[in-house]
Amino acid sequence: MKVTLTGIKADVGSIGGHICPSEELLAAVERTVVEQGRGLIIDHRLNYIGDDVSILMTHDRGIDDESVHRLAWDAFLAGTQVAKDQGLYGAGQDMLKDAFSGNTRGLGPAVAEMEFEERPNEPFLMFTADKTEPGAYNLPLFLAFSDPMYNAGLILSPVGGKGYRFTVMDVDHSGGDRVVELVTPEDIYDLAALLRDNGRFVVESIHSRHDGDIAVSSCTTRLRNIAGKYVGKDDPIMLVRTQRNFPATGEILAPFEICHYVSGFMRGSHVGPMMPVKAKSSVSFFDGPPVVSCLAFSVRDGKMTGPVDAFDHPYWDWVREKAAQKAHGIREQGFSGPAMLGIHDLEYVGISHRLDALDGRFVVRSEAP
Ligand code: F6R
Ligand code: MG
Ligand code: MG
């Protein structure tokens, strides 16, 4: 059958700062999805990472379906109400518009969706990350889909060897989606030139060049573009189909071992390593470090089996140690140099205000006589 996977996530409030949602908040979200989702969706799973709640749904209504998006919006509103009642921090933080207007894209919550004809075996992964931004997936996607050092299938498998088509969005552009399509292996250097800039160019989707089938759908939400100012990091969600025409599950996971440095650590204004963690992990050290979780599923006729937690394995304990060391290394230098984000990406205006105030105190020395 033709199935649609819809993953929508939002931060609508958390306990003790930006740590994690409450059980009551999660129960309110779940209740709404169950009650209002009857007859609309086939299956669903609720999860969280740090302070972000994710709703994964299967249905047959295609992407951008108004009723499915409204369901998620209503569920997050129910969660927001509980967050307010409990005095949770950042209640309704990602619900940036007052009313639902047909689609949660552009309203605050992050969305990743794909529609495809189910294969006889249909494995897929859902990644959710906290204290970072959508471009955090750029490097792992680049390596898993275009580098034979990570994806042996590019040389071992005749279909994998045909390469992939990347759709990349310029998320700095407002007033319409500005996108470009690049194919691997031919355009690999152009792709790298774009994907090095995680704050501006973000992989939106990846398709197989063997048969055009969709492999990846990733969110490209930029909360600043919606609210006109920084209101929190754009903690991203991504769906990835694996095996056969696509990279193997392990090949998709492998680049997360790098724990590469991303934006979003402490006050959304610092750089930190992305730590692969078990689902339902919180954040701690300097409100971080940035964390990513990966849940693995199989789907048949829209019914999901799973999840299994792809980062719940002894190997990733060692990786988490490495991430902790990298986090320590960069936090040791506080605000200095690359540890803190550039002025345009800071979540606060304090530095700009200070620089403005200091402006009049600068003098230009007259040239020596
Ligand atoms: C992301 C997140 C952070 C915060 C940032 C500022 O989930 O929570 O990006 O938005 O740490 O938070 P305040 O200013 O509320 O402490
Ligand atoms: Mg938050
Ligand atoms: Mg968050």
Chemist: Quick one, Glu181 with Arg165, criterion salt bridge (charged side-chain N to carboxylate O under 4.0 Å, His left out). Give me CA distance, side-chain angles, the key distance, then yes/no.
Modeler: CA-CA 7 Å; Glu181 288 191 354; Arg165 172 165 51 87; 3.4 Å; yes

Chemist: Using the rule given for side-chain contact (heavy atoms from CB on, under 4.5 Å), can you reason through Glu30 versus Val33, listing the C-alpha separation, both sets of side-chain angles and the distance that settles it, and then say yes or no?
Modeler: CA-CA 5 Å; Glu30 171 83 18; Val33 175; 5.9 Å; no

Chemist: With side chain to side chain donor-acceptor pair (under 3.5 Å) as the rule and sequence neighbours excluded, what pairs involving residues 326-343 come up?
Modeler: His328-Glu332

Chemist: For residues 50-71, which residue pairs pass the ring-ring contact (aromatic ring centres under 6.0 Å, His included) check, not counting sequence neighbours?
Modeler: none

Chemist: If you draw a 6.0 Å radius around NZ in Lys84, do more than 12 non-hydrogen atoms from other residues or ligands fall strictly inside?
Modeler: no

Chemist: Ile8 versus Ile237: any side-chain heavy-atom pair under 4.5 Å?
Modeler: no

Chemist: Verify the distance criterion only: is there a donor paired with an acceptor across the side chains of Glu113 and Thr6 at less than 3.5 Å?
Modeler: yes

Chemist: Kindly indicate whether the side chain of Thr4, heavy atoms from C-beta on, has any atom under 4.5 Å from the side chain of Met114.
Modeler: no

Chemist: Is any side-chain heavy atom of Thr132 closer than 4.5 Å to one of Met274?
Modeler: yes

Chemist: Do Leu358 and Phe362 pass the side-chain contact (heavy atoms from CB on, under 4.5 Å) test, and can you show the C-alpha distance, the side-chain angles, and the key distance before you say yes or no?
Modeler: CA-CA 7 Å; Leu358 285 171; Phe362 273 88; 4.3 Å; yes

Chemist: Verify ring-ring contact (aromatic ring centres under 6.0 Å, His included) between Tyr150 and Phe145, making sure each step is shown before the conclusion.
Modeler: CA-CA 8 Å; Tyr150 285 86; Phe145 282 86; over 10 Å; no

Chemist: Applying side chain to side chain contact (heavy atoms under 4.5 Å, CB included), can you list everything that pairs with Asp211, at least two apart in sequence or on another chain?
Modeler: Ser208, Asp213, Asn245

